[in-house]
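The structure appears right after this line, and notes come after that.
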2 protein chains.
Amino acid sequence: MIAEDYRHIDAPALRRLEALAPLDQTARQALQAAIARSRKIAPRRELMIEGREVKETLLVVRGWAARIRILGDGRRQIMNFTLPGDLVGLCGQENPVSSATIIAMTPVAVCTAPDIAAAPALAQAYAVSRAREEAYLLAQIARLGRLNAHERIADLFLELLERLEFAGLASHGRFVLPLTQEVLADALGLTAVHVNRMLQQARRAGELSWQSKELVIHDPAALARQVGRAPVRVTAAG
Amino acid sequence: MIAEDYRHIDAPALRRLEALAPLDQTARQALQAAIARSRKIAPRRELMIEGREVKETLLVVRGWAARIRILGDGRRQIMNFTLPGDLVGLCGQENPVSSATIIAMTPVAVCTAPDIAAAPALAQAYAVSRAREEAYLLAQIARLGRLNAHERIADLFLELLERLEFAGLASHGRFVLPLTQEVLADALGLTAVHVNRMLQQARRAGELSWQSKELVIHDPAALARQVGRAPVRVTAAG
DNA sequence: CGCCAGCTTGAATCTACTCAAATCTTGTGG
DNA sequence: CCACAAGATTTGAGTAGATTCAAGCTGGCG
């Protein structure tokens, strides 16, 4: 029993969904069973392709993916990152077609998300998950539209921290950030060169350190205050 | 009967929802009844406030609104525009809290969106509406992140054309654009001065004209090709 | 231990911003 | 119906933040 409890808490995807809404035993078991049947996807492989029909809703179990769009001349924009516990292709609509391509940025594990019919307690978790995803899209728009390079970087890092904390993959301003500066640039609407310069400036200013894929934000609260960031909220409860 | 048929087609909100998914008589009547009970909102008034609980889903019947976020130092970002036939506050979640403020940009009429329980045919229309809204958020991200000023303006105008056509409020590249250049700038992540300069350049290039709130895109298909824009699609069917 | 992707640095350039002032529109009250 | 005020658009000049191009460096991996 204790061992089993430990398993839930330890599984990032399960942990995130539990944090979004209370789950009953049925829901937990459905999730664990689904996660047990998860499959691997190699970096640069698509989880979903723009314009292609969406056959099932996926739950990301491990790894990072990104929703991207590539322009005719090769410019690339990353719309958002998909982290463990995130749902992909949730829409509640008939014949849905994906409006963007999602590719794995690291080795990724995904499974088919359990159907709500099988575990009604999941409905609220899925709904909150989707609402949060939308809220993060809005945050991305504000970032690209109105923040300068330094603020964009700080704001994105704080968002990733917030999101990874839900899955138990971050704490005390520290988490694994398995991206290159170029990928970061594509998410921030900047060039890799400029991201590099701004990162170094932030390091020199003592705001953060980032080596061998581990990012540390030295004082998340202070940085959030500095760039005017507030945590995302989508329910009155949490 | 003919008179009544004409009424549906003519009402922009109804027309948009009909275009998104087939509606039965029950759904149409529920919508018409709701629209008949619509209320007016003056320009600059909020339809929804960030952080405030969302009490009901609204259907925009007339006028333009905008989802905005204002930063501490007064910078403002418009995340998207809300047009007739759009739904506001749709989320299917308990205790939802609005993740952005929505304000009327013109005199607006809204009504309570009919409940799906009362007219099940609405479910698909609502789901498609929400999926389209999300797709337009992605488009806004790509616009802000990777397009230059000229492309942003053209792309947004083409998007508005596409959306207004669903409601029967635009055709042949022509529609009423009841915004100031400053509002446009806040949507495009630019300054009003720069928007002004780019608009004049576009006018001189013969791409468009815009006087007394009427915008004309002279050759929408050509402009779309030029800036690399494809129409938004979210269902396999339409 | 050598290679390659990713990171770092510099210099020149450019797009978009800022500030400031003039002109044009629109709506309103007399 | 005109005059005025307030808001919106236009124009100019100078500046700043980010890009581009190019070259050198570093570290992780086969």
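Because only heavy atoms are used, hydrogens play no part in the values below, and waters and symmetry mates are left out as well, while side chains stay in. Letters go in sequence order (proteins before strands), and every chain restarts at 1. Since this is a predicted model, take the numbers as computed values, not measurements.
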**Prompt:** How does DNA chain C look in dot-bracket notation if pairs are Watson-Crick or G-U with both distances under 3.5 Å, crossing ones as [ ], other-strand ones as |?
**Reply:** ||||||.|||||||||||||||||||||||
**Request:** Determine which pairs satisfy salt bridge (charged side-chain N to carboxylate O under 4.0 Å, His left out) with at least one residue from residues 51-66 of chain A, sequence neighbours left out, and list them in order.
**Result:**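 Residue pairs passing salt bridge (charged side-chain N to carboxylate O under 4.0 Å, His left out), neighbours aside: A:Arg39-A:Glu56.
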**Request:** Please collect all salt bridge (charged side-chain N to carboxylate O under 4.0 Å, His left out) contacts where either partner lies in residues 186-196 of chain B, sequence neighbours excluded, each pair once.
**Result:**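 Non-adjacent pairs meeting salt bridge (charged side-chain N to carboxylate O under 4.0 Å, His left out): A:Arg146-B:Asp186, B:Arg76-B:Asp186.
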Tabulate atom names and distances for all N/O pairs under 3.5 angstrom spanning the protein and nucleotides 23-28 of chain D.
none

**Asked** Quick one: side-chain hydrogen bond (donor to acceptor under 3.5 Å, both in side chains) pairs with a partner in residues 167-183 of chain B, sequence neighbours left out?
**Response**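 Passing the test, one end in residues 167-183 of chain B: B:Arg174-B:Glu214, B:Gln181-B:Asn196.
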**Request:** Apply salt bridge (charged side-chain N to carboxylate O under 4.0 Å, His left out) to A:Glu133 and list each qualifying residue two or more places apart in sequence or on a separate chain.
**Result:**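 By the salt bridge (charged side-chain N to carboxylate O under 4.0 Å, His left out) rule, A:Glu133 matches A:Arg67.
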**Prompt:** Sequence neighbours excluded, which residues qualify as side-chain hydrogen bond (donor to acceptor under 3.5 Å, both in side chains) partners of B:Ser209?
**Reply:**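 Applying side-chain hydrogen bond (donor to acceptor under 3.5 Å, both in side chains) to B:Ser209 gives B:His218.
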**Set of side-chain hydrogen bond (donor to acceptor under 3.5 Å, both in side chains) partners for A:Glu162, sequence neighbours left out** =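 A:Glu162 satisfies side-chain hydrogen bond (donor to acceptor under 3.5 Å, both in side chains) with A:Arg132, A:Tyr136, A:Arg229 only.
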Please write out the pairs of protein N or O atoms and N or O atoms of nucleotides 2-4 of chain D separated by less than 3.5 Å, giving the distance to one decimal.
none

**Prompt:** Which parts of residues 175-198 of chain A get close to DNA chain D, meaning a heavy atom less than 4.0 angstrom away?
**Reply:**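 Hits under 4.0 Å, by residue number: A:Gly189, A:Leu190, A:Thr191, A:Val193, A:His194, A:Arg197.
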**Prompt:** Residues two or more places apart in sequence or in another chain: which of them pass ring pair (Phe, Tyr, Trp, His ring centres under 6.0 Å) with B:Phe81?
**Reply:**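 Partners of B:Phe81 under the ring pair (Phe, Tyr, Trp, His ring centres under 6.0 Å) test: B:Trp64.
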**side-chain contact (heavy atoms from CB on, under 4.5 Å) against A:Val193, all qualifying residues, sequence neighbours excluded** =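 side-chain contact (heavy atoms from CB on, under 4.5 Å) list for A:Val193, sorted by chain: A:Thr191, A:Arg197.
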